[in-house]
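This report refers to the structure that appears directly beneath it.
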Number of protein chains: 2
Amino acid sequence: MKGVRPHSRRLTLSDVAKASGFSSSTVSIVLNEAPLSRYVAAQTKQKIRETAERLDYRPDVFARSLRSRRSHTVGVLVVDLADPFCTLILQGIERKLMQTPYLPIIMDAHNQPNQVERYVKMMLERRVEGLITVANWLLFKMEILEQVSAHSLPNFVVGRGLQSSRIHSVSADNETGGYAAMRHLYELGHRQIAFIRGPRRLADTRFRWKGVRRFAREHHLRLHPKLTQSLPETSDFMSSFECSRRLTIGLLESGECFTALLAFDDISAYGAIRALTEAGRQVPGHCSVIGFDDIPAAALSSPGLTTVRQPMLEMGEYAAEYILRSLEVRSHELRSQGPGSQAKEAFRGQNHLLAAELVIRGSTAPPRQQGQSLSGAL
Amino acid sequence: MKGVRPHSRRLTLSDVAKASGFSSSTVSIVLNEAPLSRYVAAQTKQKIRETAERLDYRPDVFARSLRSRRSHTVGVLVVDLADPFCTLILQGIERKLMQTPYLPIIMDAHNQPNQVERYVKMMLERRVEGLITVANWLLFKMEILEQVSAHSLPNFVVGRGLQSSRIHSVSADNETGGYAAMRHLYELGHRQIAFIRGPRRLADTRFRWKGVRRFAREHHLRLHPKLTQSLPETSDFMSSFECSRRLTIGLLESGECFTALLAFDDISAYGAIRALTEAGRQVPGHCSVIGFDDIPAAALSSPGLTTVRQPMLEMGEYAAEYILRSLEVRSHELRSQGPGSQAKEAFRGQNHLLAAELVIRGSTAPPRQQGQSLSGAL
DNA sequence: TTGTAAGCGTTATCAT
DNA sequence: ATGATAACGCTTACAA
């Protein structure tokens, strides 16, 4: 038989059964710690576990899934992995799932709506037991996700823009965030504030703006319409850099005076900063800039970007927790043969909000009086 | 039967068989376009495809994998997803795999060596047909990956730091990159250049430095040891920001004169910039700074960061291609029953290098004469 | 307390 | 050209 590779056949359950002297059912029951294993003698368990260990037995996931109808996987659909907003959310999800037998199956739609659809289908085919969608920039049709709910799988959306849907979700408290950003600028002494709002259709845009307006109302601050611009309905998160830069140039050329600029998010804040510095205005010397999100770059740049942090790690963890809990509820239902309970509904609200926290860095400062020194600009 | 959910049983192959009037073997052969399908009448094929389509038949991946011993998945192990260096690589991998029946299974080790080990095992258990490791910051033991090779699966590493291993890999041409960075500074007129080198143990560090030294030698430029600092052996990519900032402060305090600084990577470049601006030095006005990698933030900050771009997308694509090709070779081997051929070895070299390209942005400029104007600093 | 046996939905090897 | 039939490795009634 020289030349023929032995191709050592994989070790199966019945190998362990033979080696331990018990039947494969007993072995299966013991190794899975199935309910029935309560009735198996401690000695037997011990022996079985030992031999399994000794032989380094690894169950075949496919056979197991085929038979048990469970995949022990959770689908994670990322609309665009390149968006820095996403990665921490993913880490949050993974961190939670790591402690469980569930494995996240991550797919990246590259910001292409048809990929989203394709991947949802693939997820379903791969029999994920739940789906988490990380929607950084929500311009794909939510209806696609209804398929998942139709299969009565736990379905959850984390991140931007979910407004009216029956799908549970978590996002940062945009309104309070917008409010906090405004207050920060106000407390520094700014009264002439320019705004780069997000795309109008985005729910986030509206919520943040609501917070801004609420603060303005409470403090008798007039929001000058000429200082208020909106990003176009772009599909690509990166394009908002360039759009924001253009809008800021327009703001500058309009001749209107402003000492601070509140941007929709960090990317657009950087676009604004680029326009300002190109026009010879220092940040924060001549103009303070504040963003939203706290993407990793915000801590890197000089000056650091003052921003409103979305708790992305926590959002990811929350999403994973939701799925885990739903799965738990479900298996209880099955066990008790009861009809669908509404225990799941108890999960704090349809769209949960996590606090957004102001992170003060170097891009904001008190407005400078005319003629004041240029030094100490940082 | 009221109250009992019908729980509509999944549609199986034999359902399609019955509906189309053929046996399940024929249906299977046709739907898979197996070799044997060449002998199936065109009419039959047509009919079978139609009914499968009509019933919206979806094969069960688990049954299929169990039987065929193939998973059609490729494992992608990311050492740390939060590293901006990784995401584009991932997108490159995915972009390539998208066009094939292979699905990437992405796992993120959160920069924890024991997670790497655990996930490699899980990958193996999930029967991935190949493994791509995205090693942004290589401080875990490569030996873990030997397990994969031991299972005689295609095994590939993309990114930083692979030096001496039998595992194939792709990385940017660090030496040429270092050389290009040097040349750029030199051509701008810089002669007093400070260096923040990477951790000594990292292969990347050595290659980049080699390029730097080669340029210096060729142009009779003396590299002042006092201006040459090394980052410590950190495990976390983000900590290099702070380390670099500290080293730069030291450089500044040493009183040595330098008009440009060449950093190990973009993160450390930003650390240096922070130190410089905090010390009141403008970039590039008083000091030019150049990085390495071209992480997304490099285009966002103002001034934009001049850097040496690692072609991450291409590196990812290359990795996926390697796996795909290996898989192809393998199935040919199986078909021809031959012993392991060395066709695989023909894949351009053990460690393939992709060109690193200089990206000139705003953080580098000609050195300024003493007393020159401050304006136009960008 | 443990063993027997019947599938899960495919694919592959034979026949015909 | 197409159809039986036997695995693949596991879980789970049910039997003992």
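Just so it is clear, the values below take in all heavy atoms, side chains as well, and ignore hydrogens, waters and symmetry mates. Here is the naming used below: chain letters follow the sequence lines, and residue numbers restart at 1 for every chain.
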Indicate whether the side chain of Asn155(B) and that of Glu146(B) have a donor and an acceptor atom separated by less than 3.5 Å. no
Asp80(B) vs Gln91(A), test: side chain to side chain donor-acceptor pair (under 3.5 Å). Steps then yes/no. CA-CA 9 Å; Asp80(B) 192 349; Gln91(A) 291 211 322; 3.1 Å; yes
Any base atoms under 4.0 Å from Phe62(A), or only sugar-phosphate, or nothing? Heavy atoms, all strands. nothing
Result for 5'-nearest mapping on DNA chain D, choosing between Gly21(B) and Val61(A), is Gly21(B)
If you look at every strand shown and take non-hydrogen atoms under 4.0 Å, does Thr44(B) touch a base, only sugar-phosphate, or nothing? sugar-phosphate
Which of these nucleotides, dC8(C), dG3(C), dT2(D), is closest to any side-chain atom of Leu66(A)? dC8(C)
Is any side-chain heavy atom of Phe156(A) closer than 4.5 Å to one of Ile167(A)? no
Rounded to whole Å, how long is the line connecting atom CD of Glu33(A) with atom P of dT11(D)? 13 Å
Ser23(A) versus Thr26(A), side-chain donor and acceptor atoms under 3.5 Å: yes
Tell me if a side-chain donor or acceptor on Gln115(B) pairs with a main-chain N or O of Asp108(B) at a distance below 3.5 Å. no
Residue from Val158(A), Ile323(A), Ile93(A) passing side-chain contact (heavy atoms from CB on, under 4.5 Å) with Val76(A): Ile93(A)
Distance, rounded to the nearest Å, where Gln46(B) contributes CD and dA1(D) contributes C1': 17 Å
Under 4.0 Å protein heavy-atom contact, by nucleotide of nucleotides 10-16 of chain C - B base, S sugar-phosphate only: BBB----
